[in-house]
Structure formats: C-alpha cells, structure tokens
Amino acid sequence: MTESPPFVPTPLPPPDGRRRVLVLHTGGTIGMVASPGGYRPAAGFPERLRSALQATGSHGLPAFDVLELDPIDSAELRPSDWTAMARALVDYWERYDGFVLLHGTDTMAWSASALSFLLRGLDKPVIFTGSQIPMGQARSDGLANVESALLLAAMPELREVGLCFGRRLLRGNRARKLATAQFDAFDSPNALPLAELGIDIHLHRDRLWTRTEPRRFAVPAFDDEAVAVLALHPGVSGGAVDALVGQPRVRGLVLHSYGAGNVPANDRGFMAALGRAAARGVVLVNVTQCLHGSVQQGVYATGSALGALGAVPAGDMTPEAAFAKLHVLLASTADADAVRRGMGESWCGEMGA
Ligand code: ASP
C-alpha cells in the first residue's frame, strides 16, 4: 500500500475554528466500481467523496482532507499494509484532531485491532468505516457511514480506535464481521457498543477507554508470514500442525480451540507436533472458536495440556485481535518470552478483566 501523490494538507489553522479530520482511503467496497468480474477498487475516490458530501450540504461536519493509499480489496490485505496505515497516521498526527480510515469490511476487524496495538496511548479518535454497497450506487450505506465516522472522529472524548458501521460504534479490537450482507455487518460479541447511531449519536461514556498513558506509537516492518492460524476440527492431525509451523518464517501460531480452550490432548501425534513447535520457539496462542466467553486453560484436562506446552490463553480476545497483537509483538521483539508476556496483558481494552 503506497501513498498516491499528490497530497497537500489544507493549511493550518482551519479558517472557521472547526475540528479537522484526516480521512485515509485504503480501499474496500465503499470506493469500488462495477466491472465484468465484479466490484473492483478504483483510484480517484477523494474527489467523488468530496462532491458527494458537498451535494448533501455536509452541515455540521468537521473540516477534512482525504489521503488515498493505493486502494485495495481488503481481502488482499497483508500485515505489512498496517505499516503504511500507521505511518500515515503518525506522520499527520499533529495536524489533525481525529482520523477516519475507509477500509474494506472483509479484514477491517484485523486492521482496527492492529492499529489499536500500534498506536498505544493515542489521545485522539481513529475511526474505521466502509460500506456494504459502493458509494454512489442506489441504497448505498457508504455516505452515511462516512458522515457518522467524521462526526465521531471530531469527538475529543474518544481516545481509541473505533469501528463505526451501520447503527453502532464498536471498540476496534473487539469487533468482528458477522454478516456478509447486512448493513449492521459488525458486532463485538464480548464487549458492549461504545455508541448507538440513531437520529442522535449516543456515546456510552462509561464504556469509553479512559486510561491515559504516554504515547507509544510503533511503525514496525512486519513479516507477513510470521503468524499462522490453525482452526481445530475433529480429526485435526499433527501433520497439519507440522505443515504450518514447518514454514521457517512462522514464529507464532494462533490455535482456534474448542469451548473454554480445549484441544484433542489424547492425540499423541497432534500434541507432539505442538510440542516440537514450542521447542523451536514458536509462540502458541489459544483463542476460542466460540463467539462469546473466554479461554480458561485449566478447566478441562484437554485445556491444561496446552498450558503445559506454554500456550498463552487469549482470554476473551477475538481471533482477529489475537492474530494482530501476536504480529505486532513479533515485529517488535525477538524475545519469545516478552511476546508471551505481552499477549497476556490487556493493552487497550482488547481483553476483559
Ligand atoms: N471485499 C470487500 C473488501 O473487504 C468487501 C467490503 O468492503 O465490504 O474490500
């Protein structure tokens, strides 16, 4: 993902005292156009967005600039694209009061999680949004989502990475895409919404992230292949584990386990393969396949077996957040123990108490 020049921020200070938001367009349905092979990304979205907002009058919206990063279908996203997003936010952090990231819905939850871990201690809103129908098409949800995101990005009390879609603002690192075709495509199964978007925007102030800490922004280079994921299923084999962690660049494995964090502990081949991976220094992270609830590795013997291998229980983290956090940690340190410790800490609301 590269910046498509030229981007010239409007000069400071804004003439009318309005708050200023930078909109970063990374791709997704919202800016796509129809083609014989289906919707595809197209450049030039900033102009289309500006004229669409002008046509509605855009009264009450903050002042905004739009920066386009070589738009992609977010199914093509790689962890290294998070570097480009974080770079742009860090570069323009002081010039704006808030940020909106326009992103495809398919991997928006992964990117919102990753940015929350890269921008620890952030003191301004960073709001992800996109749409189910391209902007400009009949019944598109694009413009309304952008308008809501712009208003949220101008609220100084929001000091976290949020995901605004349809009728809700969710914590970014708690969000999951749960519906392919509904306008409310996202939910956060283990955390209540941060705001309801009806005629009014109702912020749940008691649910917002209020911990203040020094900014610890990071723009690391990611190895796209550092983390592998294995979803457990009846009959899953040691060979499947070996095939995944046998890739030399894999340094972390997210296991989507059953229920409270259980695996087929009596399958010697499966457990031996996990043991070989752990011995080679691969960090094992245990997330549950269940939508609701938490990994508790000691409840069943089938879960304790994973604990004995040093697997980190991910609590009630989403699989997307666990994957992104493991990537961020592996991109930041070569010390596997530090990675395990980091995975066990709650950084910015990604885990319940
Ligand atoms: N494939 C699209 C994307 O994630 C879907 C969307 O944006 O809704 O970029």
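Hydrogens, waters and symmetry mates are skipped; everything else that's a heavy atom, side chains included, is used. Each ligand, and each atom within it, is numbered from 1 in the order the structure gives.
Ligand 1 lies nowhere less than 4.0 angstrom from a heavy atom belonging to Pro41.
Within the 4.0 Å heavy-atom criterion, the part of Met32 lying near ligand 1 is the side chain and not the backbone. Of all the heavy atoms of Ser131, the ones lying under 4.0 Å from any atom of ligand 1 belong exclusively to the backbone.
Distances from atom 5 (C) of ligand 1 to the heavy atoms of Thr26, Thr29, Ile30 show the closest one on Thr29. Taking all heavy atoms of Asp73, Ile133, Ile72 into account, the minimum distance to atom 3 (C) of ligand 1 is reached by Asp73.
With a 6.0 Å radius and a threshold of 12 heavy atoms from other residues, nucleotides or ligands, Arg211 has its CZ atom above the threshold. Surrounding CD of Glu213 are more than 12 heavy atoms belonging to other residues, nucleotides or ligands, all under 6.0 Å away.
The closest protein non-hydrogen atom to atom 8 (O) of ligand 1 is Thr105 OG1, 2.5 Å.
Thr288 places a side-chain N or O within 3.5 Å of a backbone atom of Gly259 that can act as its donor or acceptor partner.
Of the residues Val295, Val236, Val287, Leu306, the one that meets the side-chain contact (heavy atoms from CB on, under 4.5 Å) test with Leu255 is Leu306. Test Val229, Leu244, Asn286 against Leu253 for side-chain contact (heavy atoms from CB on, under 4.5 Å) and you get one pass: Leu244.
Close N/O approach between Ser74 and ligand 1 is found [any backbone or side-chain N/O within under 3.5 Å]. Taking only nitrogen or oxygen atoms, main chain and side chain alike, Asp106 reaches within less than 3.5 Å of ligand 1.
When all heavy atoms of Met343 and Met351 are compared, the pair lying nearest together is O-CE, 3.1 Å.
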